[in-house]
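Structure, as structure tokens:
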Amino acid sequence: MTGPAPSEDPTAGAGEDRNGSPTVSRRAHRARLVVLGALTAAAPLSLDTYLPALPALTADLATTPSVTQLSLTACLVGLALGQLVAGPLSDVLGRRRPMLIGSAGFAVASVLCAVAPSVEVLIALRLAQGLLGAVGIVVARAVVRDTSDATSSARSFATLMLVSGVAPIVAPVLGGQLLRVTSWRGVFVVLAVYGALAGVAVLLLVRESLPRSRRRAGSAAATAASFRVLLSDRRVLACVLAAGLLFAAMFAYISGSTFALQELYGLSPQGFSGVFAANSVAIVASVQVAGRLAGSGRVRPERLLVVGLGVALTGTGVLLASALLDVGLAGILAGLVVTVIGVGFVLPNATTLTLADHPEHAGSASALLGTAQFLVGAGTAPLVGIAGGRSAVPMAATMAGAVVAGAVVFAVLWRGPERGPERGPGSEQAARPSHP
């Protein structure tokens with residue numbers, strides 16, 4: 001199928017597939033992925049953009065690093081709980097309406113964060129910001145599952161993470177530059193503008209992907225039944241918990257590195273932003289390599305996930321040894337970059353495997369995956385702030401512990417009967433819609 005002429009509406013469909021989902025042109029599919037990636041980027045943007053401002057925010061609000069990091073924890077808790085609600089709700093109401101409401105709410109919450117008078121108020125508002133930002137994240141994954149078969153979804157998720165992966169590259173750099181001309185409050189004004197623009201993009205470029213005929217009943221019992229189905233699948237649990245623990249390691253890096261690298265190793269906010277951007281490039285590149293390998297069908301997603309766990313174990317080992325032996329900045333940076341490369345292999349393949357076997361519960365599965373990532377990650381912020389900027393050991397130890405736990409959980413839960421040919425990734429090729 002060829003794409004529409006440049007003057008045509010990029011949301012224009014070409015009918016419906018056998019499951020009732022609207023088919024779209026290649027150009028519209030690419031536009032949709034860009035918008036969905038932008039929605040998914042709400043999490044790293046809301047977390048990473050103000051990272052360079054954390055020391056200044058701590059001083060401005062007369063608080064401590066551990067209390068300041070609770071604003072990160074609050075946002076993560078909101079992102080976790082919001083997905084738990086929005087995912088099943090999107091299986092009932094459809095995908096488009098929740099995305100629009102979430103984008104608008106995220107913009108409003110960001111404006112309120114910008115005028116917060118105290119750290120306590122800021123923490124409460126960050127919880128609300130996370131709850132509303134979670135909607136686009138969880139629904140974006142469900143839209144990909146609605147419109148892709150299990151094999152092509154690996155490529156689509158990789159593309160989604162490529163678009164959303166630009167956010168952690170740009171966010172700390174943007175935050176560092178914004179601090180040259182404004183305070184941390186101005187960072188939240190920028191986030192408000194981003195949320196509003198994301199909502200407009202959904203309105204213009206994303207069609208409803210879940211027709212009424214495929215929506216579930218909206219009762220609490222039906223929602224509970226969906227989660228029971230998912231939680232009874234050991235391999236879904238293996239992927240959900242492994243992804244959650246690897247994300248916890250990433251969040252320990254996100255919340256701890258700003259203090260360790262700036263206060264312990266003397267990096268400026270701009271220097272920290274450059275290091276953070278370099279690591280973000282590494283994770284985006286590894287995500288793309290993993291997505292291409294899985295999408296080609298030559299390597300099964302679970303094998304790539306195991307490779308990623310091994311790489312992350314190596315990276316956190318180097319990181320912890322460097323922190324304990326105080327070998328300097330070079331050892332810390334080497335451990336961090338190897339770790340994020342491993343995480344880049346784990347996350348997209350864990351997502352593919354989690355959603356592969358339960359397309360009828362795509363929203364709930366996406367919610368379970370996202371909730372585990374953000375809820376487990378939320379517990380790491382107070383841990384890495386124990387030593388303030390005096391030592392990198394708490395950050396390194398937390399990261400290493402999370403990766404080891406993720407590897408052990410996956411190894412234990414993944415064991416068992418092999419999937420039959422009708423259940424494995426890629427088995428739904430004939431039954432599920434594929435983009436042109």
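Keep in mind it's a predicted model, so treat the numbers as computed, not measured.
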Option passing side chain to side chain donor-acceptor pair (under 3.5 Å) with Thr58 (candidates Thr64, Thr68, Thr63): Thr68
Side chain to side chain, Tyr253 and Asn279, heavy atoms closer than 4.5 Å: yes
Nearest heavy-atom neighbours spanning Ala38 and Tyr194: O-OH, 2.5 Å
Distance-minimising heavy-atom pair for Ser71 and Arg126: O-NE, 3.4 Å
Residue pair Gln83 / Arg141, side-chain heavy-atom distance below 4.5 Å: yes
Phe251 side chain near Leu72 side chain, heavy-atom distance below 4.5 Å: yes
Closest non-hydrogen atom pair, Thr40 against Ala140: OG1-CB, 3.6 Å
Side-chain heavy atoms of Leu267 within contact of Val275, under 4.5 Å: yes
Minimum side-chain heavy-atom gap Ser90-Val138 below 4.5 Å: no
Flag, side chain of Arg185 to backbone of Ala114, donor-acceptor distance under 3.5 Å: yes
Exercise: identify the closest heavy-atom pair between Thr339 and Gly315: OG1-C, 3.1 Å
Non-hydrogen side-chain atoms of Val318 and Val338 separated by less than 4.5 Å: no
Any side-chain donor near an acceptor of the partner, Ser110 and Gln129, under 3.5 Å: yes
Atom pair CZ/CE of Arg95 and Met99 - distance to nearest 0.5 Å: 9.0 Å
Interatomic spacing from CD1 in Ile123 to SG in Cys75 - rounded to 0.5 Å: 12.0 Å
